Colleague: 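Before anything else, here's the structure in question.
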Amino acid sequence: MVEHAACRTAAGAFSLWQHAVRLLPEPAPFHPQWTDTPVPRGRARSKPPLGWPRETDSLCPTCVKDVRAAIVGGEVDWRHLVEGKPGEIRARIEERDGRIVMRKRCPEHGEFEDVISVDPAFLTRIERLFPGRDVALSPDALHDHGTSAMRYGRGSVLTVDLTNRCNMMCDPCFMDANQVGYVHELEWAEIRRILDDAASVRPRRQLSIQFSGGEPTLSPHFLPAIRYAREKGYFAVQAATNGLRFAEEPGFARACKEAGLRMAYLQFDGVTNAAHAGRKIGNLYDVKRRAIDELHAAGIDVILVVTVVNGVNSDQVGPIVQFAIDNADKITVVSFQPVSFTGRDEDVSDERRAAQRYTLSHLAHDVARQTGYTEPLRDWFPLSALSPFGDVVDAIDGPARDFGQLKCGCHPNCGIGTALFVNKRTRQVVPLVELIDLERLLADLRALFDAHRDPRLTKAALVAAFLRNYRPDKAPPGLHLGTLLRQYLSQTGVAHAPEDDAKSFEWRVLFVAGMWFQDLWNYDFRRTEMCIIPYGTELGEISFCAYNTGVGWRAVVEKMKSTATLAEWYRRHGKHPVHADGRPLQLPPATVPEAVREHPQAVAERLAATASGLPQPRAARPRRRTKHLPIVA
């Protein structure tokens with residue numbers, strides 16, 4: 001009763017606040033020192049063209065590959081990517097046969113078509129909830145990439161590929177690691193310069209720095225790079241990793257934690273070894289399980305990163321979500337990435353592309369069907385819908401802060417998310433939208449930012465907004481409003497709590513996200529210009545999709561700045577292990593508690609293997625700890 005009364009009182013107070021701000025003149029623009037232009041509010045927020053039918057700028061899949069090959073081969077200067085518009089054609093997004101598709105025609109190579117959504121109502125919802133673009137990106141030399149340049153927003157994740165070397169041969173692979181014939185590996189001075197340059201960008205933003213590859217743990221600069229990113233003031237440093245080194249080398253995770261690593265962005269295809277068969281290591285799920293144990297023991301949060309290929313591992317979507325629920329004390333996010341046909345898969349046939357295409361709408365429906373926790377038209381939001389949280393925190397912090405808040409302002413067709421409230425002890429699950437009217441809360445936060453004048457009043461209204469949208473009758477037993485409010489203020493960033501504060505709460509907000517990177521068949525320049533995941537490279541910060549797909553900046557940058565041919569590298573350094581023959585990886589004896597809770601599918605697979613008499617992977621003998629992965633001749 002007390003909680004119901006508090007929520008009713010807060011609703012009345014918020015209504016009074018809304019009435020009062022309508023009577024006041026429009027507030028002065030919010031122009032903090034970290035940006036060259038005011039952060040847009042109200043009608044000042046712009047949006048790209050949405051809905052359908054609509055037209056946009058796209059690419060011819062064939063023209064682009066021809067131009068890229070000519071540049072890499074030295075026949076055409078790379079500045080053509082900046083000064084020209086190679087391969088660009090118009091595209092139309094429309095509804096056809098109950099689906100949303102992109103259709104385009106190249107005068108030379110004919111027509112191309114691909115699906116954007118298999119559920120028009122779902123995409124309508126996602127586009128309706130888009131709150132508007134973030135602040136404009138100030139033009140500078142770091143972002144001079146012609147029509148591929150980013151134009152809006154501050155970015156959320158800066159990806160830095162430390163090396164294109166890898167100890168696996170995955171399919172799919174964005175960068176075609178180990179196959180391109182040369183090594184591209186950043187020197188220490190180049191890593192420092194990329195991170196220094198990132199701190200100079202306007203708007204000056206708080207980013208999550210993601211070291212990637214290849215396999216970033218192969219770089220001799222991996223640990224120093226983590227330390228330097230933290231020294232520059234970035235609070236979140238993560239590694240996009242296959243997990244092998246964390247599993248093979250006891251103590252490595254602890255060394256990473258001491259250097260400042262906060263999150264491991266762990267590639268994860270499913271809850272069984274069979275689900276990882278395309279990665280060409282026979283016991284790869286068991287390797288992931290060991291890596292999670294090591295990371296958890298070291299205090300590093302785990303984000304499961306799942307490339308979803310329709311008909312290959314799309315049946316694992318629900319089991320992976322359940323695996324994350326069962327291990328909610330270790331796993332903070334599940335990030336599903338519908339397959340992008342690029343890198344090793346860029347020459348995919350039309351038939352395979354049609355059969356294996358997987359969209360964000362597929363994901364929303366698969367999570368609903370395979371878990372029963374969510375509904376496509378109730379629980380999912382565009383990632384950018386969370387932007388008001390960052391705006392309100394920026395407003396409360398005031399204009400004198402050095403960094404703007406991390407903000408996910410991507411195009412609504414790029415990413416979606418939903419949240420489950422999970423008890424880390426009992427594994428009870430409550431969809432967050434059942435507990436909180438999230439759609440109205442986000443609208444309230446936009447109104448708070450638009451009307452902001454005084455940090456104290458905004459903070460009080462922030463609490464009132466939360467309470468008026470809270471549904472105490474839906475709260476599970478033992479969840480107290482005071483604790484939930486403290487968690488809300490902590491995890492929205494208002495309280496500026498320590499980075500491990502979430503560990504003190506019994507309930508976890510488990511975020512389930514979908515991030516759909518473009519390829520040449522569905523490329524949309526309106527998405528590229530709002531990219532929130534730039535790559536930090538020797539040629540500046542380049543949009544994720546422009547780098548890995550699009551006109552293909554990766555191939556150009558890596559070939560121009562290659563360290564050595566593969567043969568030269570092997571002569572100088574020897575060959576590092578590349579696991580690609582399907583055999584199990586021998587792991588050393590465990591030195592940390594085996595804490596991962598397994599999905600029933602994994603248990604059944606192990607029992608079946610035992611019953612069939614197939615040999616099980618054995619623990620390797622303890623070996624001397626090495627500074628880097630062993631080099632073999």
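Remember, predicted model here, so these are calculated numbers, not experimental data.
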Colleague: Run the side-chain hydrogen bond (donor to acceptor under 3.5 Å, both in side chains) test against H599 and tell me which residues pass, sequence neighbours left out.
Modeller: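 Expected list: none.
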Colleague: Can you give me the closest heavy-atom contact between V334 and V306, atom names plus distance?
Modeller: CG1-CG2, 4.3 Å
Colleague: Tell me, with the steps shown, if R508 and D329 meet salt bridge (charged side-chain N to carboxylate O under 4.0 Å, His left out).
Modeller: CA-CA 8 Å; R508 158 90 70 197; D329 55 331; over 6 Å; no
Colleague: Return the orientation label for the H362 and Y358 ring planes: parallel under 30°, perpendicular over 60°, tilted otherwise.
Modeller: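 The rings of H362 and Y358 lie parallel, inter-plane angle below 30°.
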Colleague: Any donor-acceptor pair under 3.5 Å linking the side chain of R205 with the backbone of R154?
Modeller: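 Such a contact is found between R205 side chain and R154 backbone.
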Colleague: Would you call T418 and I416 a side-chain contact if the rule is heavy atoms closer than 4.5 Å?
Modeller: no
Colleague: Please, which pairs that meet salt bridge (charged side-chain N to carboxylate O under 4.0 Å, His left out) have at least one residue in residues 256-277, sequence neighbours excluded?
Modeller: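 Output for this query lists D269-R279.
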Colleague: List in chain and number order the residues that pass side-chain hydrogen bond (donor to acceptor under 3.5 Å, both in side chains) with K561, two or more places apart in sequence or in another chain; answer none if no residue qualifies.
Modeller: none
Colleague: What residues form a side-chain contact (heavy atoms from CB on, under 4.5 Å) with K65, not counting sequence neighbours?
Modeller: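 So K65 forms a side-chain contact (heavy atoms from CB on, under 4.5 Å) with R68, E346, D347, L520.
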Colleague: Any heavy-atom pair between the side chains of F252 and F222 that's under 4.5 Å?
Modeller: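 Sidechains of F252 and F222: in contact.
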Colleague: Using side-chain hydrogen bond (donor to acceptor under 3.5 Å, both in side chains) as the criterion, list what pairs up with E187, not counting sequence neighbours.
Modeller: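 With neighbours one apart ignored, the set is empty.
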Colleague: A side-chain contact here means heavy atoms from C-beta on lying under 4.5 Å apart; do F511 and L383 qualify?
Modeller: yes
Colleague: Can you name the ring pair (Phe, Tyr, Trp, His ring centres under 6.0 Å) partners of H184, sequence neighbours left out?
Modeller: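 Result, ring pair (Phe, Tyr, Trp, His ring centres under 6.0 Å) vs H184: none returned.
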Colleague: According to the side chain to side chain donor-acceptor pair (under 3.5 Å) rule, which pairs have a member within residues 233-243, sequence neighbours left out?
Modeller: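 Of all non-adjacent pairs touching residues 233-243, those that pass side chain to side chain donor-acceptor pair (under 3.5 Å) are N167-N242, S208-Q238, Q210-Q238, E215-T241, E215-N242.
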Colleague: Not counting sequence neighbours, which residues clear ring pair (Phe, Tyr, Trp, His ring centres under 6.0 Å) with H145? List them please.
Modeller: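 Counting only residues at least two positions away or on another chain, H145 forms a ring pair (Phe, Tyr, Trp, His ring centres under 6.0 Å) with W553.
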Colleague: Check whether any side-chain heavy atom of L59 lies under 4.5 Å from a side-chain heavy atom of V551, and answer yes or no.
Modeller: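 They are in side-chain contact.
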Colleague: Using a strict 4.0 Å threshold on nitrogen-to-oxygen distance, state whether R202 and D140 make a salt bridge.
Modeller: no
Colleague: Residues in side-chain hydrogen bond (donor to acceptor under 3.5 Å, both in side chains) with D524, at least two apart?
Modeller: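 With sequence neighbours excluded, D524 shows a side-chain hydrogen bond (donor to acceptor under 3.5 Å, both in side chains) to T56, given in chain and number order.
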Colleague: Counting N and O atoms only, with roles assigned by atom type, does the side chain of S335 sit under 3.5 Å from a partner on the main chain of V305, one being a donor and the other an acceptor?
Modeller: no
Colleague: Could you work out, with side-chain contact (heavy atoms from CB on, under 4.5 Å) as the rule, every residue matching S490, not counting sequence neighbours?
Modeller: A497, D501, F505
Colleague: A side-chain contact here means heavy atoms from C-beta on lying under 4.5 Å apart; do L386 and C408 qualify?
Modeller: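 Side-chain contact under 4.5 Å: no.
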Colleague: Please answer whether the main-chain N or O of V183 pairs with a side-chain N or O of S562 as donor and acceptor at a distance below 3.5 Å.
Modeller: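 Checking the backbone N and O of V183 against the side chain of S562, no donor-acceptor pair under 3.5 Å is found.
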Colleague: Is it true that R572 and E185 have a side-chain N and a carboxylate O under 4.0 angstrom from each other?
Modeller: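 No, this pair does not count.
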Colleague: A side-chain contact here means heavy atoms from C-beta on lying under 4.5 Å apart; do I300 and E294 qualify?
Modeller: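 No, side chains not in contact.
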Colleague: With a 3.5 Å distance limit and no angle check, can you tell me whether D519 reaches the backbone of S340 through a side-chain donor-acceptor pair?
Modeller: no
Colleague: Could you pull out all residues at least two apart from F211 that satisfy ring pair (Phe, Tyr, Trp, His ring centres under 6.0 Å)?
Modeller: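 Expected list: none.
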Colleague: With a 4.5 Å cut-off on side-chain heavy atoms, are V321 and F336 touching?
Modeller: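 The answer is yes; the side chains approach within 4.5 Å.
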Colleague: Not counting sequence neighbours, which residues clear ring pair (Phe, Tyr, Trp, His ring centres under 6.0 Å) with F268? List them please.
Modeller: H276, F323
Colleague: Other residues, nucleotides and ligands only: do more than 12 of their heavy atoms fall within 6.0 Å of CZ on R227?
Modeller: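 Enclosed: over 12 neighbouring heavy atoms sit under 6.0 Å from CZ of R227.
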Colleague: Can a donor-acceptor pair be found, under 3.5 Å and without considering hydrogens, that links the side chain of D293 to the backbone of V596?
Modeller: yes
